[in-house]
Amino acid sequence: MQRCFHTGIAGILAAAFWCAAVVPGLCGPAVVTEALVTNQTGDSLSVVSLHDMKAVAEIAIGGKPAGIAISPDGSRAYLSAPEGKDVVVVDVAARKILRRIKVGEAPLGIAAHPSNGRIYVADWYTHKISVVDPAAGEVVAEIPVGDSPSGLAVTPDGKLLLSADRDSDAVSIIDTLRNERIGTVKVGARPFGITIDATGARAYTANVASDDITIIDIAAGKAIGTVKVGHRPYAIALAGGRAYVTNQYASTVSVIDTGSLETVAILDVGDHPEGIAADPAGANIYVACWFDNVLMRIDTSRLAVDGEAAVGDGPRAFGLFLR
Amino acid sequence: MLRTLVFGVAALALLPSFASAHGPTRQKVTEKVEINAPADKVWAVIGNFQDMSWHPAVAKLEGNGGNDANATRTLTLTSGGTIDEKLLQNDSTKMLYKYEISKVDPKVLPVNNYSSTLSVKDDGGKSVVEWKGAFYRGYMNNDPPPELNDEAAIKAVSGVYRAGLDALKTKLEAGG
């Protein structure tokens, strides 16, 4: 997660202070209240209230939405719709679609920059990342990367964009000022989801075909570790010094200590768990279970599933989906 | 000569690589049948990964590794095609097994990246058998031909599940 992880109320206050007073713009919100879940089969976006784990709205989207990013102020959701070949901009509070922006041939991974107003969209077929100005509704630049770029993540300081290039077994590192690839890092086979930690030091990729995750030292531009997980890992959330990895075919979440790289636990969740995200305090992890049409909540202190909400058909929630 | 070669390489580089990419939207199918027989009896018929004799479309099964994770089987269909499958997990306590297709010609079954779960649950002395599949369509690029599109994949998988479950019900309820 590109968010601060501390625990408890003191942690939330500390995170709020640190983010707002010390390094404005560096972190996401200190508290999140909603999950925005893209339902690919159901062609919709479910809004889930986190305090009672209930879906409070389902917005028709179209184009088979998969990826999601949220603006730094939380007001806009940007959804990738690969079959519509567009990015759908949603006014979250109003539960309304504001516009559709044509982007590439199969937009999938999507990420919002913390301060420059741009969003980045990975294209599964054209092997490029589009830089989109969502306010103007325009693609302002295209960045060639490796084959079938999938997950995207921006460092908390906004300087670098990382792309998991699935069919190149590599991660591209992109300078966001120049919109240019400045490096690549070899990772496991078929990296899909990618997540950067709150300090911007490390990135983690979920490697679908080698059933492992790769840990990248971003400044060094090098892979520094690999950890085996369950079958067909999809995405990763970070909280309290642990990585939580969804394993699609195993229907589990692997919990890994990011210091020792030991597996702490393997949690049973719903069938085909996919998108996963941590709240800013690191108290809860939310997992979209694609086959079972539920969003599950994991309590990180007990390492147990302690809540679930019914959502639309085929939830993917690929990206940072909490606001 | 050199020029031709360079041009050839450049042209190749411009071609999108579809080696392992797939269509953008994964599909799902769930089929169920209620059977008037206890769950353990039903599981005794379908719970062995190395026995698909209960399915009318399967003519022959050759396998390795029994019911351990990563066991394999090759199904030869009555229509002549084959499907290679790998067992991911067989949990006889929960009465379910999960498997994936490791190799199939799209002409035999028009799917990619297929995974599935077969399970039995007790329902007050009767049983409910559920067969679930997740897969991408047979054609890996945009704009698929009709025989390899999402609908064709869903129809084919539903057909396999339906034929198997209905035959299973008939077999078990006949007291077989």
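Just so it is clear, the structure is predicted and the values come from calculations on it, not from any experiment. Protein chains get the first letters and strands the later ones, always in sequence-line order, with residue 1 at the start of each.
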- Task: Output, in order, the C-alpha distance, side-chain angles, deciding distance and verdict of salt bridge (charged side-chain N to carboxylate O under 4.0 Å, His left out) for A:Asp292 and B:Lys132.
- Result: CA-CA 11 Å; A:Asp292 291 347; B:Lys132 303 198 297 182; 3.6 Å; yes

- Query: Could you walk me through whether B:Ser115 and A:His272 pass the side chain to side chain contact (heavy atoms under 4.5 Å, CB included) check?
  - Reply: CA-CA 10 Å; B:Ser115 64; A:His272 276 73; 3.3 Å; yes

- Task: Show your reasoning for whether side chain to side chain contact (heavy atoms under 4.5 Å, CB included) applies to A:Asn293 and B:Lys28.
- Result: CA-CA 11 Å; A:Asn293 301 340; B:Lys28 58 167 108 168; 2.8 Å; yes

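Under a cut-off of 6.0 angstrom, the local environment of NZ in B:Lys32 is sparse, with at most 12 non-hydrogen atoms contributed by other residues, nucleotides or ligands. Surrounding NZ of B:Lys121 are at most 12 heavy atoms belonging to other residues, nucleotides or ligands under 6.0 Å away. The number of heavy-atom neighbours closer than 6.0 Å to CG of B:Leu96, taken from other residues, nucleotides and ligands shown, is above 12.
Across all non-hydrogen atoms, the minimal contact from A:Thr41 to B:Arg26 is OG1-O, 4.4 Å. Contact between B:Gln27 and A:Trp290 at its shortest, heavy atoms only, is O-CH2, 3.2 Å.
Side-chain contact between B:Thr30 and A:Phe291 is present, with at least one heavy-atom pair separated by less than 4.5 Å.
For the 3.5 Å distance criterion, the side chains of A:His231 and B:Glu100 qualify, holding a donor opposite an acceptor.
In this structure, CG in B:Asp143 is found 8.0 Å from CD in A:Glu105, a value given to the nearest 0.5 Å.
Electrostatic pairing of A:Lys64 and B:Asp150 does not count as a salt bridge here, judged by no charged N lying under 4.0 Å from a carboxylate O.
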Can I get a per-line list of side-chain donor-acceptor pairs under 3.5 Å for residues 38-48 of chain B, giving both atom names and the distance, sequence neighbours left out?
unit_1, atom_1, unit_2, atom_2, d
B:Asn48, OD1, B:Gln50, N, 2.9
B:Asn48, OD1, B:Asn67, ND2, 3.0

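Note that B:Lys98 lies outside the cation-pi zone of A:Tyr249, set by a 6.0 Å cut-off to the ring centre and a 45° limit from the axis.
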